[in-house]
Trainee: 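Next up is a structure, given as structure tokens.
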There are 2 protein chains.
Amino acid sequence: MKSKTYHHGDLKNALIKAGVEILAKEGIGKLSLRKVALKAGVSHTAPYSHFSDKQSLIAAISTEGFQKLSKSLDSVIKSHADNPKKQLIESAQAYVKFAFANKDIFKIMFSSALEKEKEYPAFVEVSQKTFHQVVEIVEACQEAGIIKSGEADVLAVIIWGQVHGIIALAIEGQISHTVLEKKSLAEIVTQAIEQAIKK
Amino acid sequence: MKSKTYHHGDLKNALIKAGVEILAKEGIGKLSLRKVALKAGVSHTAPYSHFSDKQSLIAAISTEGFQKLSKSLDSVIKSHADNPKKQLIESAQAYVKFAFANKDIFKIMFSSALEKEKEYPAFVEVSQKTFHQVVEIVEACQEAGIIKSGEADVLAVIIWGQVHGIIALAIEGQISHTVLEKKSLAEIVTQAIEQAIKK
DNA sequence: ATTGTAATCTTGACAGTGTCAAGATTTTAA
DNA sequence: TTAAAATCTTGACACTGTCAAGATTACAAT
């Protein structure tokens, strides 16, 4: 829905896009407002018309990351509407895939580059929505008798946390080679969920 | 073992200490080599006699964090030498405690502030040692019949990942209030382990 | 269509940052 | 005692986030 008007046209999105590119090519340490502006072909302070500060740009990039993740979860949920167990396992796989396809976005989403996330309503909303999708899957699993009954959101934290933790450790290089030689990350995550499910 | 000699005496440790303090008081975003130097009462380039660059200081702080964590795991392991289940649960509690008592050190340890961890042997060594402690607990649990047999390191990744993930999400503010009103983080972590254990 | 206002973007400046080069000081070892 | 090595300082540079002032453009009300 780019509004191709005004001076640049759609600078806000162009800046986000430039930021994502820098993130992918040069990593989180090289992301700067000035470089983003340069890449978008505007002056070094032009971003301030759209983002109050660097944090705000980071929030926008993180938010986009969550939207992408959330959409991917959505399609997994829909394509296994009748099979909650598959929803759970495939969601986890989608999560793994997302994290490794967008390593630096994943890092920015979860690695406290964003200091006061509460100040960014769009970010809060989509991250909560994402978590809620997991809760719904857990509830579906409970109804199907695959997961024990109980507070679904607490159980979702446990399962989601498990998947998240394994991925986070892997991305930080904290999982040793010898482990990853035995099993791929996808397998480890699946095994983790299988174990969590069977009572 | 401070070697109270040379100009400053023990600048290297003083810089690390200053860094930790800034981290605790002002957060990760405010940590700078110059501020650390100022705090230690030396010129702005003095740190370069002890750290090749900022990353290197961050590595040293992270390493110290892991040492602290590792020691705390050690004492848990020793004080429940005859009870592997307790070792596991109490280790997790120690991990929670460490993370929340040293939020910004925890972040720096795991939040990719350190870009090429492999280049810092001391860091690699102590982080591997820490993981190995968890593996040993898992093995003890297996021998006690509390955890199913199988590759202990893979199982350790799963359990450690679970604990780590829940904490990481909590520290990032990604766990909703409604969940934390029902159960404290310590309880959630314990519940997670209990579930992971019982087959 | 004109005009005033708001949105957008630029130029210029400032302080703070990481890091290098050159040199001064001090410790240590021969 | 002296030469070398370690430690620390001064000064500089490019790069960063951000502010202030002003220029340009779009748009809404008349």
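Just so we're on the same page: letters track the sequence lines, and every chain starts at 1.
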Trainee: What is the separation between atom CG on B:L11 and atom C1' on C:dT25, rounded to the nearest whole Å?
Mentor: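 Rounding to the nearest Å, CG of B:L11 and C1' of C:dT25 are 15 Å apart.
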Trainee: Rounding to a whole Å, what distance do you find between B:I22:CD1 and C:dT17:C1'?
Mentor: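 Taking CD1 of B:I22 and C1' of C:dT17, I get 13 Å after rounding.
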Trainee: Output yes when a side-chain donor or acceptor of A:K35 lies under 3.5 Å from a complementary backbone atom of A:K30, and no otherwise.
Mentor: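 Yes: the side chain of A:K35 pairs with the backbone of A:K30.
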Trainee: Taking protein heavy atoms under 4.0 Å as touching, what does nucleotides 14-22 of chain D look like 5' to 3' if B marks base contact, S marks sugar-phosphate-only contact and - marks none?
Mentor: --BBBB---
Trainee: Do A:K183 and A:V179 come within less than 4.5 Å of each other through their side chains, counting heavy atoms only?
Mentor: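 They are not in side-chain contact.
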Trainee: Distance alone, cut at 3.5 Å: any donor-acceptor contact between the side chains of B:E187 and B:Q191?
Mentor: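 No, no side-chain donor-acceptor contact under 3.5 Å.
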Trainee: For the pair B:N102 (side chain) and B:I105 (backbone), establish whether a donor and an acceptor sit closer than 3.5 Å, ignoring hydrogens and angles.
Mentor: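 Pair absent, no side-chain N/O of B:N102 close to backbone of B:I105.
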Trainee: Would you please confirm or rule out a distance under 4.0 Å between OP1 or OP2 of D:dT9 and any side-chain N or O of B:S43?
Mentor: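 Result: yes.
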Trainee: Over how many whole Å does the gap from B:L38 atom CG to C:dT17 atom C1' extend?
Mentor: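 Computing the B:L38:CG to C:dT17:C1' distance gives 14 Å.
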Trainee: Does A:Q133 use its side chain to pair, donor to acceptor, with the backbone of A:S70 at less than 3.5 Å?
Mentor: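 Side chain of A:Q133 to backbone of A:S70, a donor-acceptor pair under 3.5 Å: yes, one is there.
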Trainee: Is any side-chain heavy atom of A:Q67 closer than 4.5 Å to one of A:T63?
Mentor: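 The answer is yes, as the side chains (C-beta and beyond) meet within the 4.5 Å cut-off.
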